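The next block holds one structure in the form of structure tokens; read it before the comments.
Note that the structure is predicted; figures quoted are calculated from it, not measured. These numbers come from the heavy atoms of this one structure, side chains and all, not from hydrogens, waters or symmetry mates.
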Number of protein chains: 2
Amino acid sequence: MNKEGFVPAVEDRPAVTVDIVLFSVINDWLNVLLVKRRIPPFVGMWALPGGFVRRGETLEEAALRELSEETGVSGFYLEQLYTFGDPGRDPRMWIVTVAYYALVNSKGIELRPATDVVDTAWYLVDNLPELAFDHARIIQYAVKRLRSKLEYTTVGFELLPEKFTLTELQRVYEAILGQKIDKRNFRKKMLSRGILQPLDETKMEGVHRPAKLYRFLGV
Amino acid sequence: MNKEGFVPAVEDRPAVTVDIVLFSVINDWLNVLLVKRRIPPFVGMWALPGGFVRRGETLEEAALRELSEETGVSGFYLEQLYTFGDPGRDPRMWIVTVAYYALVNSKGIELRPATDVVDTAWYLVDNLPELAFDHARIIQYAVKRLRSKLEYTTVGFELLPEKFTLTELQRVYEAILGQKIDKRNFRKKMLSRGILQPLDETKMEGVHRPAKLYRFLGV
DNA sequence: AAATTTAGTGTATAAAATACACGATTACGA
DNA sequence: TCGTAATCGTGTATTTTATACACTAAATTT
């Protein structure tokens with residue numbers, strides 16, 4: 001039973017992939033980006049964007065590369081989520097996947113329109129289609145992580161543009177947590193964190209009172 | 001740049017390992033289990049217990065198997081930590097490692113004495129020897145995770161025997177957090193969580209007043 | 001019975017979270 | 001220009017949670 005010295009032959013190694021749960025808040029609802037599979041297994045089914053890790057790149061680089069290949073955009077907020085390696089999670093071969101989640105402000109991203117490479121679409125997290133592999137589970141896990149990280153980090157700001165109003169910020173929180181938040185308490189708490197810079201600008205958009213704009217200062 | 005359909009040849013796959021940071025609180029200090037390497041690379045250097053994942057087993061099974069091979073014990077509390085895959089983290093080959101952390105009450109574990117298989121030893125987390133690979137970084141990461149999990153979960157109880165006193169519990173918290181805690185506030189908070197069952201037994205051990213024993217009830 | 005050592009307890013204060021309602025500002029249309 | 005509609009922006013009272021802090025109780029040893 002001496003495991004040391006044992007190195008598995010090349011044919012006894014799993015392939016390693018990255019899969020990315022890219023979130024965006026669109027029209028006050030939390031969405032994830034899905035791609036339609038064009039190759040077996042699960043042809044025609046929706047799945048998470050992702051692909052094989054290549055020699056010489058870090059896992060994070062692989063995740064960013066895959067995302068930019070499929071969205072035409074780069075510079076996402078990215079964080080490792082969990083690694084899934086159960087045998088049988090891919091019916092054809094042994095694959096270990098390192099899952100990431102990423103956040104983007106959907107205004108700053110244009111999905112390649114009508115690309116012939118892959119069919120990509122945003123889906124509401126609580127109205128997902130049937131998904132390939134164990135990707136439903138991965139998304140579920142990512143939502144859970146995102147919700148808890150929202151409470152004690154500043155990840156929420158990654159879903160907003162450079163300048164935003166407090167109401168927009170609140171809508172992002174509400175979309176992720178799936179519940180309404182008291183306006184006065186929310187603003188009090190956010191402003192007391194000392195991470196928001198009030199700007200001398202307002203957002204004059206609707207036909208109503210303009211809202212003050214803020215910028216995220218970082219920690 | 002169409003990544004779909006591309007599957008890396010077997011010789012272009014990384015080997016996948018698991019490494020485990022096994023913690024225990026010994027004499028009121030936080031310790032980790034290390035093993036001395038007998039094969040290249042880093043022969044003779046201390047490293048985390050771990051090894052290659054085998055076809056047909058889950059990552060968690062692999063971690064538990066490696067741990068029990070090197071300690072002779074099974075049934076650890078185990079939780080996935082992070083996956084490290086930077087190229088060059090192993091000087092000889094491409095290895096992606098899925099790191100876990102595990103918790104055990106050292107009273108319930110006997111390291112195989114003077115085994116000829118591997119040399120294993122407990123080390124104080126803040127007095128580690130030079131470590132192979134990126135294992136120092138992994139341990140650092142694990143300590144950080146353990147500290148934060150201690151605050152909002154019940155992982156702390158995994159480091160205690162079935163029956164324990166409140167003082168013993170407090171010592172575990174202090175060892176992990178690396179700071180003294182107020183006794184009255186600590187007890188108030190623990191008892192108010194409603195997860196402790198007071199027993200009709202006391203621990204008569206020292207030469208002093210016996211302490212009431214409790215049992216962890218679970219969530 | 002005095003000394004030693006650990007167990008066990010309560011209160012006052014500060015900080016943080018929660019519940020809750022209305023006046024202010026803009027655009028538009030009558 | 002005045003009223004309406006819609007969103008912006010604000011404060012206080014209450015509850016809950018966290019913190020600071022010191023002495024008596026119970027056992028053993030000499």
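Within the 4.5 Å cutoff, no side-chain heavy atoms of B:N105 are placed close to those of B:L159. Proximity of B:P49 to B:E70: side-chain heavy atoms (C-beta onward) are separated by under 4.5 Å at one or more points. Side chains of B:V104 and B:L22 form a contact here, defined as non-hydrogen atoms less than 4.5 Å apart.
Listed by residue number, there are no residues of residues 168-176 of chain B with a heavy-atom contact under 4.0 Å to DNA chain C.
Atom NZ of B:K189 is separated from atom P of D:dT19 by 6 Å (rounded to the nearest Å). Taking atom CZ of B:F186 as the reference point, atom P of D:dT17 lies 18 Å away to the nearest angstrom. A:L191 places its CG atom 13 Å from the C1' atom of D:dC8, with the value rounded to the nearest Å. Computed from coordinates, the A:E205 CD to C:dT26 P distance equals 16 Å when rounded to whole Å. Taking atom CZ of residue B:R193 and atom P of nucleotide D:dA18, one finds them 11 Å apart after rounding to whole Å. Rounded to an integer number of Å, the gap from NZ of A:K203 to P of C:dA27 is 16 Å. Atom-to-atom, CG of B:L213 to C1' of C:dA7 comes out at 12 Å; the value is rounded to the nearest Å. Here the P atom of nucleotide D:dT19 and the CE atom of B:M190 are 13 Å apart, to the nearest Å.
Remark: side-chain polar atoms of B:E174 are paired, donor with acceptor, to backbone N or O of B:I181 under 3.5 angstrom.
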Mind listing the side-chain donor-acceptor pairs of residues 73-83 of chain A below 3.5 Å, one per line with the distance, residues two or more places apart or on another chain?
from: A:Y77; atom 1: OH; to: A:E79; atom 2: OE1; distance (Å): 2.5
from: A:E79; atom 1: OE1; to: A:Y101; atom 2: OH; distance (Å): 3.3
from: A:E79; atom 1: OE2; to: A:Y101; atom 2: OH; distance (Å): 3.4
from: A:E79; atom 1: OE2; to: A:K149; atom 2: NZ; distance (Å): 3.0
from: A:Q80; atom 1: OE1; to: A:Y100; atom 2: OH; distance (Å): 3.4
from: A:T83; atom 1: OG1; to: B:T83; atom 2: OG1; distance (Å): 2.5

For residues 207-219 of chain A, which side-chain donor-acceptor pairs fall under 3.5 Å, sequence neighbours excluded?
from: A:K212; atom 1: NZ; to: A:L199; atom 2: O; distance (Å): 3.2
from: A:R215; atom 1: NE; to: A:Q197; atom 2: OE1; distance (Å): 3.4
from: A:R215; atom 1: NH1; to: A:E162; atom 2: OE2; distance (Å): 2.5

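Ion pairing between a basic and an acidic side chain is recognised when a charged N comes within 4.0 Å of a carboxylate O; A:E69 and A:R65 show such pairing.
The residue B:T167 sits close only to the backbone: its heavy atoms come under 4.0 Å of sugar-phosphate atoms, none of a base.
Partners of B:T17 by side chain to side chain donor-acceptor pair (under 3.5 Å), not counting sequence neighbours, listed by chain and number: B:T97.
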Completion exercise
Its contact letters, B for base, S for sugar-phosphate only and - for none at protein heavy atoms under 4.0 Å, make nucleotides 20-30 of chain D read BBB--BBBS--

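For C:dG8, one of the phosphate oxygens OP1 or OP2 lies less than 4.0 angstrom from a side-chain nitrogen or oxygen of B:R187.
Counting only residues at least two apart or on different chains, the salt bridge (Lys or Arg N to Asp or Glu O under 4.0 Å) pairs with a member in residues 129-147 of chain B are B:R89-B:D134.
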